[in-house]
Amino acid sequence: MNKQLKFITRTVFAMFLVLFFAVTMIQFVQADDLRANQLNGRTIKNSYKIERGSILVDGEPVAFSTPTGDSFRFIRQYSNGPLYAPVTGYFSHLQGASGLEAAMNQDLAGIGNAQFFTRIMNTLNGVEPQGSSVETTIDPAVQEAAAAAMAENGFEGAVVAIDPETGRILALVSTPGYDPNLLSTNDDAEIITNYRQLDDDPAQPLQNRAIAGDLYHPGSVYKLLVAAAAIEAGNATPSTEFDNPAQLTLPQSTAVMQNASRTTCGSGSKATLEQAIVLSCNIPIAELAMSMDRDAVPNMANAFGFGRDLSIPLTVTPSQAPIPADQAGVALSAIGQLDVRATPLQMAMVSAGIANDGVVMSPYLVDKVITPDLRVEREFSPTEFSKPISSDTAHAVAEMMEHGVSNPEGLAKNAGIEGVRVAGKTGTAENGQDEAGNELPFTLWFTGFAPVDDPKVAVAVVVANGGGEAFGFEGGSYDLPTAVGKRVMEAVLSE
């Protein structure tokens with residue numbers, strides 16, 4: 001009998017320990033993660049019991065809470081909602097939250113650890129609870145210029161602008177977009193209807209193309225990483241020459257690679273690396289990549305951020321640059337095709353790193369968190385992400401990019417700004433064929449920075465579907481995304 005009692009006692013004690021451990025994990029260790037989970041409806045509903053903090057752009061609220069007479073007490077509203085939707089996201093008691101509304105939820109809702117003592121003092125003093133406000137890094141003039149340039153032509157795609165020296169995100173645009181006010185009403189039926197329309201829309205307006213989604217083949221903007229890898233390793237310089245055929249049969253393959261011009265890269269029997277960047281030629285870049293180890297370019301891409309988790313604090317889908325299986329794959333990957341995919345944010349980081357003497361700064365979207373009594377509760381400072389290349393390599397690549405704009409034959413020449421030294425690179429990515437065997441429209445890219453001698457902005461622009469119906473789905477990278485990038489850079493430099 002005593003043995004049975006001892007067994008039962010020990011079993012109950014062990015179960016108590018397990019229960020104690022589980023409760024401790026939930027209440028203390030996992031509490032913040034559970035509160036932040038977008039599926040936690042209780043957290044969303046509790047957030048409506050207090051006045052949620054504002055999301056600010058240049059000190060002005062673009063997302064804020066307004067009192068109501070219903071059971072939710074407040075309604076979330078967005079001034080110029082479609083313009084800032086890629087930044088703010090939405091906050092809905094029925095659909096959860098996205099964007100900064102989700103990423104900074106604890107601060108906005110006043111439930112973060114940093115606000116613990118503030119909550120206690122407010123309770124003791126009988127002060128109504130209120131969330132903190134979040135000041136973003138967005139420059140309204142730059143955001144407006146980027147959004148207008150994309151919207152005027154009905155482009156599908158995205159724009160990202162970064163301060164190369166700090167990593168501050170100056171603009172984050174995704175088109176087509178949506179109005180977060182459609183999902184912030186307190187009418188459940190209205191929210192359901194609006195969300196279904198947005199979710200069913202073939203244009204996928206809820207997708208943040210700047211940092212997530214299906215990602216894009218980067219095409220020729222990826223050649224910057226090939227050049228950086230080769231120069232950094234001592235395998236090439238801008239003046240290194242390569243064979244210059246009009247066609248190249250890929251190793252162990254029947255596939256034939258051509259330059260976009262369908263001719264040689266320039267008129268000579270040889271073409272330099274600089275010519276390949278300025279004229280955006282495929283064959284010399286493929287030859288260069290195949291002369292290096294198969295992992296050389298993917299490793300360089302990884303050093304710039306490909307394949308790595310990133311939070312700005314919005315969660316960024318990692319760009320992809322896997323190691324090719326064979327030499328044919330090396331050649332195709334080198335021109336931004338095959339399995340290589342990138343976000344506009346990632347390509348902006350590439351240009352920003354080149355502009356910043358080879359140092360890539362961690363991109364960030366939040367400047368500071370401000371309490372209701374206007375104290376700065378948290379402030380975010382620039383941090384180094386990586387240093388993938390030396391300053392000498394960065395200068396060499398930057399010079400080739402500048403010639404891509406200043407050279408009359410350069411494919412990025414339309415990014416030129418009078419009186420300003422601009423560096424740029426275009427890209428055109430193929431997307432295979434449809435079921436009928438017809439070529440799908442190309443993805444068009446531009447990335448660059450300015451001024452070359454004192455960089456203030458690095459930008460990446462992607463335009464999907466060859467510019468869309470207005471351009472017969474056949475627009476070119478030399479003018480469409482390049483014109484957008486120029487306007488964004490001008491907006492920064494005019495301030």
Side-chain angles (χ1 to χ4, degrees), residues 216-231 235-294 296-298 301 321-341 400-401 403-404 407-413 425-434 436-445 466 473-479:
Y216 300 93
H217 293 301
S220 292
V221 293
Y222 191 73
K223 293 172 182 175
L224 297 174
L225 292 167
V226 180
I231 295 172
N235 292 327
T237 68
S239 60
T240 299
E241 294 183 327
F242 302 89
D243 290 335
N244 192 23
Q247 293 185 337
L248 175 68
T249 301
L250 300 182
Q252 292 84 48
S253 170
T254 58
V256 174
M257 178 180 288
Q258 299 182 77
N259 298 315
S261 64
R262 299 299 185 261
T263 61
T264 58
C265 188
S267 58
S269 61
K270 297 284 186 179
T272 66
L273 174 57
E274 181 170 307
Q275 279 180 289
I277 294 297
V278 171
L279 303 177
S280 199
C281 302
N282 293 332
I283 293 174
I285 294 295
E287 292 174 328
L288 173 58
M290 289 189 291
S291 73
M292 298 186 286
D293 292 339
R294 281 191 295 117
V297 178
I323 299 173
D326 51 35
Q327 286 293 80
V330 170
L332 291 170
S333 295
I335 61 172
Q337 298 287 170
L338 203 62
D339 298 325
V340 182
R341 290 184 174 272
M400 291 189 291
M401 293 175 69
H403 291 166
N407 189 317
E409 295 183 347
L411 263 65
K413 66 180 180 181
K425 181 73 189 76
T426 61
T428 304
E430 298 180 0
N431 295 300
Q433 300 176 334
D434 61 19
N438 301 311
E439 290 288 336
L440 293 169
F442 295 158
T443 300
L444 313 176
W445 284 88
F473 303 98
E474 295 180 347
S477 59
Y478 66 91
D479 58 350

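Below, all heavy atoms of this structure are taken into account, side chains as well, without hydrogens, waters or symmetry copies. Just so you know, residue 1 is the first one in the sequence shown, and it goes up from there.
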Note to self: Determine whether a donor-acceptor pair (N or O, by modelled atom type, separation under 3.5 Å) exists between the side chain of W445 and the backbone of H217.
What the structure shows: yes
Notebook entry, point to check: Short question: side chain of N244, backbone of A271 - any donor-acceptor pair under 3.5 Å?
Noted result: no
Note to self: According to side chain to side chain donor-acceptor pair (under 3.5 Å), who are the partners of E287, at least two apart in sequence or on a separate chain?
What the structure shows: none
Notebook entry, point to check: What's the spacing between Y478 OH and T428 OG1 if we round to 0.5 Å?
Noted result: 10.0 Å
Notebook entry, point to check: Pick one: which of P238, S239, P284 meets side-chain contact (heavy atoms from CB on, under 4.5 Å) with E274?
Noted result: P238
Margin query: Do V340 and P218 have side chains that approach each other closer than 4.5 Å (heavy atoms only, starting at C-beta)?
Written below: yes
Next item on the list: Please name all residues satisfying side chain to side chain donor-acceptor pair (under 3.5 Å) with D243, sequence neighbours left out, ordered by chain then number.
Entry: K270
Notebook entry, point to check: At what distance, to the nearest 0.5 angstrom, does CG of N259 lie from CG of L279?
Noted result: 9.0 Å
Notebook entry, point to check: What distance separates I285 CD1 from S280 OG, expressed to the nearest 0.5 Å?
Noted result: 8.0 Å
Checklist line | With N431 via side chain to side chain donor-acceptor pair (under 3.5 Å) - residues at least two apart | finding: T443
Margin query: Restricting to side chain to side chain donor-acceptor pair (under 3.5 Å), what partner residues turn up for S261, sequence neighbours left out?
Written below: T263
Notebook entry, point to check: If you look at every heavy atom in P324 and R294, which pair is closest and at what distance?
Noted result: O-NH1, 2.5 Å
Next item on the list: Please name the pair of heavy atoms, one in L248 and one in A286, separated by the smallest distance, quoted to 0.1 Å.
Entry: CD2-CB, 4.4 Å
Notebook entry, point to check: Is the backbone N or O of G437 less than 3.5 Å from a side-chain atom of D434, with the two atoms forming a donor-acceptor pair by type?
Noted result: yes
Checklist line | Closest approach of T426 to L411 (non-hydrogen atoms, all atoms of both residues) | finding: CG2-O, 3.4 Å
All N/O donor-acceptor pairs, side-chain side in residues 330-338, below 3.5 Å, sequence neighbours left out:
| unit_1 | atom_1 | unit_2 | atom_2 | d |
| --- | --- | --- | --- | --- |
| S333 | OG | G329 | O | 2.9 |
| Q337 | OE1 | E430 | N | 2.7 |
| Q337 | NE2 | E430 | O | 3.1 |

Notebook entry, point to check: What are the two closest non-hydrogen atoms of A260 and N282, and how far apart are they?
Noted result: N-ND2, 4.0 Å
Notebook entry, point to check: disulfide bond (SG atoms under 2.5 Å apart): which pairs involve residues 236-291, sequence neighbours left out?
Noted result: C265-C281
Check: Hey, does K223 have a side-chain heavy atom less than 4.5 Å from the side chain of I277?
Finding: yes
Check: Crowded around E439 CD? As in, over 12 foreign heavy atoms under 6.0 Å?
Finding: yes
Note to self: I'd like to know if the side chain of K413 and the backbone of P408 have a donor-acceptor N/O pair within less than 3.5 Å.
What the structure shows: yes
Check: Hey, mind stepping through T240 and T272 against side chain to side chain contact (heavy atoms under 4.5 Å, CB included) and telling me if it holds?
Finding: CA-CA 5 Å; T240 299; T272 66; over 6 Å; no
Margin query: Would you say that more than 12 heavy atoms from the other residues, nucleotides or ligands in this model lie under 6.0 Å from the CD of E241, or not?
Written below: yes
Margin query: To check you understand the geometry: which heavy-atom pair defines the closest contact between A321 and A301, and what is its length?
Written below: CB-CB, 3.7 Å
Notebook entry, point to check: Any chance CZ of F242 has more than 12 other-residue heavy atoms, nucleotides or ligands included, within less than 6.0 Å?
Noted result: yes
Item checked: Where Q258 and I283 come nearest, the two heavy atoms and their spacing -> CA-CD1, 4.3 Å
